[in-house]
Number of protein chains: 2
Amino acid sequence: MGTAADLLRSAGVKVTPGRQRVLDALCSASQALSHADVEALLPDADRVTLYRVLDSLVACGLALKAVDARGVFRFSASAVQRQHEGHVHFRCTDCGGVFCLEAAPPSPPQLPHGFRLAEIALDVRGTCANCSRTG
Amino acid sequence: MGTAADLLRSAGVKVTPGRQRVLDALCSASQALSHADVEALLPDADRVTLYRVLDSLVACGLALKAVDARGVFRFSASAVQRQHEGHVHFRCTDCGGVFCLEAAPPSPPQLPHGFRLAEIALDVRGTCANCSRTG
DNA sequence: TTGCAAATGCAATATTGTTGCAAATAGCGG
DNA sequence: CCGCTATTTGCAACAATATTGCATTTGCAA
C-alpha cells in the first residue's frame with residue numbers, strides 16, 4: 001500500500017520518523033510546501049534536519065523541488081505531482097500550486113527536420129484564485 | 001531615440017547615473033542578470049542602492065524580475081525580453097539548447113473564476129537535430 | 001535659484017539556506 | 001536478540017541573498 005514508510009522503503013532509503021512525517025505532510029498538502037510551511041506543521045523538528053530530510057526526499061525521487069515567485073524553495077510529493085502529467089495545468093507563480101484545466105491538450109507543432117518530439121506541455125502561469133485574493 | 005536616459009524619462013522616473021548605468025547593463029546583457037552580476041559590472045555602486053535601482057526599474061516597467069532555479073532574482077530589460085514574447089520554444093533534453101519554432105502561439109484556455117493569467121507557454125521537449133544524430 | 005520629493009549611502013537586520021561535527025539510530029549480519 | 005556501521009539527527013556557526021531605518025544628497029520643476 002502507499003503509506004509513507006512503504007514509499008520510503010521502495011525508494012531505497014532508511015525509514016525514519018522525520019521522513020515519514022515530512023512525506024505525509026507533502027502527500028496530504030494541497031499545494032507545494034516551503035521549508036517554513038513544513039516547519040510550522042512539524043514544530044518539534046529541527047530546522048536543519050528538515051532541510052536535509054526534504055533534500056533526501058528529492059534525491060530519492062519521492063519529492064520535487066521548485067522555486068516560487070519570492071525565490072523560496074517549495075517541495076511537493078512526486079506522487080501527487082504525477083497526477084497532473086499530460087494534463088493542461090495552471091501553475092500559480094505565488095504559491096507554486098498546480099491546477100488542472102478543462103482544456104484540450106495542445107497539438108504538436110511542425111518541427112524542423114531532424115528534431116524528435118518527446119513531450120509537449122501547455123504551461124499556463126499566473127496567480128490562482130486564493131493568491132489573487134490574499135496577494 | 002533609445003538611450004537609457006530617454007527610456008527613463010519616458011517611463012516617468014528621475015534620471016540618475018545609477019539608473020542609467022544599470023539600465024544600460026540590462027539592455028546590453030545577453031541574459032537576465034542577478035544582483036551579483038550587476039554588482040560585478042558596476043563595482044563602484046552601493047549594494048543596497050543597486051537593489052533599489054533594480055526594483056525601481058521593475059516598478060516603472062523598464063525591467064522584469066524573475067527567479068532562477070537557485071532562487072535568486074534575475075532582472076532583464078523589458079524591451080529585450082519582449083523579443084521572445086509569444087514564441088513557441090523547443091527545449092532539447094540532451095544539450096539543454098532552446099530553439100524558437102515557427103508555430104502559432106497557443107490560445108489561452110478557459111480559466112476557473114478568480115484565476116489570473118500572467119503567461120502562457122507551449123513547452124516542447126525532445127532532442128534537437130544535432131543531438132538526435134549523435135545520440 | 002530654491003524647495004522638496006525622490007534617490008543614495010551606510011549600518012543594521014531579516015530571511016533563507018548550508019556546513020561541520022558529535023551524538024543517536026535504522027537496518028543489517030550474526 | 002545483539003552489536004556493528006553507515007546514515008541520520010541535533011546543535012551551533014556560518015553564508016548568501018534581500019530588506020529596513022535614517023541621515024545626506026540630488027534631480028528637477030516652479
Side-chain angles (χ1 to χ4, degrees), chain A residues 3-26 32-76 94-96, chain B residues 3-26 32-75:
Chain A
T3 74
D6 291 331
L7 288 171
L8 290 167
R9 253 186 293 275
S10 49
V13 296
K14 287 190 180 176
V15 178
T16 67
R19 280 186 192 156
Q20 292 181 70
R21 270 181 274 139
V22 171
L23 186 52
D24 271 337
L26 292 186
L33 300 181
S34 67
H35 171 272
D37 293 335
V38 178
E39 202 178 4
L41 291 173
L42 308 171
D44 294 338
D46 178 71
R47 250 175 56 79
V48 177
T49 299
L50 280 187
Y51 275 115
R52 291 199 265 229
V53 164
L54 287 166
D55 279 342
S56 77
L57 292 178
V58 171
C60 72
L62 290 176
L64 296 175
K65 186 178 188 175
V67 174
D68 73 6
R70 295 204 333 275
V72 175
F73 290 129
R74 289 189 171 270
F75 300 85
S76 55
D94 264 31
C95 67
Chain B
T3 74
D6 291 330
L7 288 170
L8 290 166
R9 251 186 295 273
S10 50
V13 296
K14 287 188 182 178
V15 179
T16 67
R19 280 187 192 156
Q20 292 182 69
R21 272 181 271 140
V22 170
L23 186 52
D24 271 336
L26 292 185
L33 301 181
S34 67
H35 172 271
D37 292 336
V38 178
E39 202 178 5
L41 290 172
L42 308 171
D44 295 338
D46 178 72
R47 260 176 54 78
V48 177
T49 299
L50 280 188
Y51 276 114
R52 291 199 266 229
V53 163
L54 287 167
D55 280 341
S56 77
L57 292 178
V58 172
C60 72
L62 290 176
L64 296 174
K65 186 178 190 175
V67 173
D68 72 8
R70 295 205 333 277
V72 176
F73 291 129
R74 290 190 169 270
F75 300 85

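Note that the structure is a prediction, hence the values are computed from the model and not measured. Scope of the values below: all heavy atoms of this structure, side chains included, with no hydrogens, waters or symmetry mates. Sequence lines set the chain letters: A, B, ... in the order given, protein chains first and strands last, and positions in each chain run from 1.
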Ignoring the backbone of [X], work out which of [options] is nearest its side chain.
| X | options | answer |
| --- | --- | --- |
| His35(B) | dT16(C), dA18(D), dC10(C) | dA18(D) |
| Arg52(A) | dG20(C), dG27(D), dG17(C) | dG20(C) |
| Asp46(B) | dA26(C), dG9(C), dG10(D) | dG9(C) |
| Val48(A) | dT19(C), dG9(C), dA11(C) | dT19(C) |

Whole angstrom is fine here: how far is it from [atom1] in [X] over to [atom2] in [N]?
| X | N | atom1 | atom2 | result |
| --- | --- | --- | --- | --- |
| Glu39(A) | dT9(D) | CD | C1' | 15 Å |
| Arg9(A) | dC28(C) | CZ | C1' | 14 Å |
| Gln20(B) | dT8(C) | CD | C1' | 15 Å |
| Asp44(B) | dC10(C) | CG | P | 11 Å |
| Leu33(B) | dT17(D) | CG | C1' | 16 Å |
| Leu50(A) | dG10(D) | CG | P | 9 Å |
| Leu42(A) | dT9(D) | CG | C1' | 15 Å |
| Leu54(B) | dT17(D) | CG | C1' | 13 Å |

Exercise. What about Arg47(A), does its side chain sit under 3.5 Å from the base of dG17(C) through a donor-acceptor pair?
Worked result: yes
Determine yes or no for a side-chain-to-main-chain donor-acceptor pair under 3.5 angstrom, with [X] supplying the side chain and [Y] the backbone.
| X | Y | answer |
| --- | --- | --- |
| Asp24(A) | Arg21(A) | no |
| Asp55(B) | Arg52(B) | no |
| His35(A) | Arg47(A) | yes |

Exercise. If you look at every strand shown and take non-hydrogen atoms under 4.0 Å, does Val72(A) touch a base, only sugar-phosphate, or nothing?
Worked result: sugar-phosphate
Exercise. Any side-chain heavy atom of Asp6(B) sitting closer than 4.5 Å to one from Val15(B)?
Worked result: no
Problem set entry | Minimum side-chain heavy-atom gap Leu64(A)-Phe75(A) below 4.5 Å | no
Seminar exercise, completed: In Watson-Crick or G-U wobble terms, with both distances under 3.5 Å, the base opposite dG27(D) is dC4(C)
If the cut-off is 4.0 Å, is [X] near the phosphate of [N], judged by side-chain N/O to OP1 or OP2?
| X | N | value |
| --- | --- | --- |
| Tyr51(B) | dT19(D) | no |
| Arg70(A) | dT17(D) | no |
| Thr16(B) | dA7(C) | no |
| Arg19(B) | dA7(C) | yes |

For this session: Using the closest heavy atom to pick a nucleotide of DNA chain D for each, name whichever of Phe73(B) or Pro17(B) lands nearer the 5' end.
Result: Phe73(B)
Seminar exercise, completed: Ranking Asp55(B) and Val13(B) by the position along DNA chain D of their nearest nucleotide, the one closer to 5' is Asp55(B)
Seminar exercise, completed: Partner of Leu33(A) under side chain to side chain contact (heavy atoms under 4.5 Å, CB included), picked from Leu54(A), Leu26(A), Val22(A), is Leu26(A)
